[in-house]
Amino acid sequence: MRLIAWLAAVVSLSTFLSAEPAQAACGVAPAITGDLGAVTSYDLRAGPATPTAMPATLRCTGTVLTVMSTDYARATATSANGFRLRSSGGASIGYRLSADSAGNVAFTQGSTINYLDTSLLSLPTVLSPTNFVPTMYAATVEKPNVPAGTYTDTVTIAWSWKICAGVGVGLGGASICVLEYSGTATSTITVTLVVTADCRILAPPVVFGSAPFARGFAPVSQAVAVDCTQGTNFKVAFSSGASGASRPWRAMSDGAGNRLRYNLYRADGATIWDETNPLPGTLAGTGGTSPTQLFPYVARIDPTSTPPAGSYSDVVSVIVTF
């Protein structure tokens with residue numbers, strides 16, 4: 001999409017060159033897309049975002065570009081959403097559009113920034129002897145709890161410029177501009193951010209303690225806590241563990257080849273809980289950074305196991321699909 005935009009800019013520039021040489025050095029891309037990339041909902045909440053440089057809407061080229069005291073390159077920005085990125089569902093994320101990467105020179109609704117105002121911006125960052133490319137930077141400024149989706153805003157940039165491309169010597173030795181590029185044009189920037197779904201899990205270890213015989217271990221009842229991006233449906237399951245099997249038993253190992261059979265069950269204490277029968281969340285995700293949706297389970301050792309004395313363990317993964 002960027003390629004198409006710049007091809008359009010080149011075609012316009014060629015047209016200007018054949019018609020009005022004095023206007024030829026500056027061209028505006030009529031419509032571009034500024035991609036802020038993709039971020040999980042939880043990373044968005046963590047912030048702050050790294051500013052992203054938007055594709056340039058105005059470019060000026062010449063043999064020698066010189067800034068005279070009366071020169072200007074003014075950009076007036078008007079946001080369709082008041083500098084908020086919105087999803088089709090109506091959720092929104094505040095963001096900043098600025099003339100500098102630090103965000104110190106930021107646009108507000110209908111405001112104008114002069115890129116040749118040295119009290120605002122350092123000229124070497126936008127101007128070289130043969131190019132003038134004023135850049136805009138976008139970054140989110142909020143840490144909202146929002147659903148997954150594509151968030152967009154359209155900003156209309158009204159440009160007006162007067163830039164000297166040739167300096168001569170006038171009466172008394174004063175410098176005068178002998179070739180000037182001036183004009184006005186409008187461009188639009190579609191700013192886009194994709195928020196992706198993610199989940200958070202809190203899973204405490206299962207500790208059976210110690211007993212002289214397998215039948216002496218009491219069942220352990222506890223829960224894992226899960227939450228996902230706001231509005232995201234999800235399911236929770238347990239992996240089979242290191243033994244690779246969960247039916248009829250999972251197995252802990254002492255590292256010497258001996259095994260102690262056990263299993264994980266749903267809250268009823270009878271239904272084996274593994275990847276073949278994940279448990280859906282009773283609620284869609286709320287986006288909470290500290291998961292609070294509890295999924296109780298029961299861990300039980302096979303009382304008929306007869307392994308030798310030792311320390312047994314297994315690693316089981318909590319698998320959340322969404």
Side-chain angles (χ1 to χ4, degrees), residues 1-36 51-78 97-107 111-139 154-170 174-192:
M1 189 167 185
R2 294 179 184 172
L3 177 60
I4 294 173
W6 282 120
L7 285 175
V10 173
V11 171
S12 299
L13 184 57
S14 299
T15 303
F16 292 154
L17 282 168
S18 62
E20 297 181 45
Q23 304 293 328
C26 294
V28 171
I32 62 173
T33 298
D35 187 2
L36 295 179
T52 300
M54 299 288 98
T57 59
L58 172 66
R59 288 179 181 268
C60 297
T61 59
T63 304
V64 178
L65 296 179
T66 306
V67 177
M68 308 293 286
S69 61
T70 57
D71 286 353
Y72 56 84
R74 300 183 181 122
T76 301
T78 304
L97 187 68
S98 62
D100 64 321
S101 60
N104 296 322
V105 186
F107 289 95
S111 69
T112 299
I113 291 175
N114 180 8
Y115 276 80
L116 298 183
D117 183 347
T118 56
S119 68
L120 295 178
L121 298 164
S122 172
L123 285 184
T125 63
V126 293
L127 180 69
S128 73
T130 58
N131 290 282
F132 174 61
V133 185
T135 305
M136 296 178 185
Y137 299 86
T154 300
V155 182
T156 300
I157 307 294
W159 284 102
S160 63
W161 64 87
K162 186 176 75 169
I163 299 174
C164 184
V167 177
V169 179
S175 296
I176 60 171
C177 184
V178 295
L179 179 60
E180 181 179 88
Y181 301 135
S182 62
T184 60
T186 299
S187 180
T188 60
I189 305 175
T190 301
V191 185
T192 301

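The residues of the chain are indexed from 1 along the displayed sequence. Just so it is clear, the model here is predicted, and its values are computed rather than measured.
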*Any side-chain heavy-atom pair from Ser160 and Arg74 closer than 4.5 angstrom?*
yes
_What I'd like to find out is whether the side chain of Leu58 reaches to under 4.5 Å of the side chain of Cys26, using heavy atoms alone._
yes
*Any chance you could measure Ile113, atom CD1, to Met136, atom CE, to the nearest 0.5 Å?*
7.5 Å
*Test side-chain hydrogen bond (donor to acceptor under 3.5 Å, both in side chains) applied to Ser111 - qualifying residues, sequence neighbours left out*: Thr108
*Is there side-chain contact between Lys162 and Thr70, with heavy atoms separated by less than 4.5 Å?*
yes
*Residues forming a side chain to side chain contact (heavy atoms under 4.5 Å, CB included) with Ser187, sequence neighbours excluded*: Val28, Thr57
*Report yes if some heavy atom in the side chain of Arg59 is under 4.5 Å from a heavy atom in the side chain of Asn131; otherwise report no.*
no
*asked:* Checking Ala77 now: which residues fulfil side chain to side chain contact (heavy atoms under 4.5 Å, CB included) with it, not counting sequence neighbours?
replied: Phe83, Phe107, Val155, Ile157
*Spacing of OH belonging to Tyr115 relative to CZ belonging to Phe132, to within rounding of 0.5 Å*: 8.0 Å
_Quick check on side chain to side chain contact (heavy atoms under 4.5 Å, CB included): which of Asn114, Leu120, Thr118 does Leu116 satisfy it with?_
Asn114
*Could you tell me which non-hydrogen atom of Pro55 sits nearest to which non-hydrogen atom of Gly34, and how far apart they are?*
CD-CA, 4.0 Å
*Would you mind reporting whether Pro134 and Trp159 have side-chain heavy atoms less than 4.5 Å apart?*
yes
*Sequence neighbours excluded, which residues qualify as side chain to side chain contact (heavy atoms under 4.5 Å, CB included) partners of Thr52?*
Leu36, Met54
*So which heavy atom on Ile163 is nearest to which on Cys60, and how close?*
CD1-SG, 3.8 Å
_From Trp161 atom CH2 to Tyr72 atom OH, the distance as rounded to the nearest 0.5 Å_ = 10.0 Å
*Gly103 to Ser98 - nearest heavy-atom pair and separation*: CA-OG, 3.6 Å
*Under the side-chain hydrogen bond (donor to acceptor under 3.5 Å, both in side chains) rule, collect the residues that match up with Thr112, sequence neighbours excluded.*
Thr76
*Which heavy atom of Ala139 sits nearest a heavy atom of Pro51, and at what distance?*
CB-CA, 3.8 Å
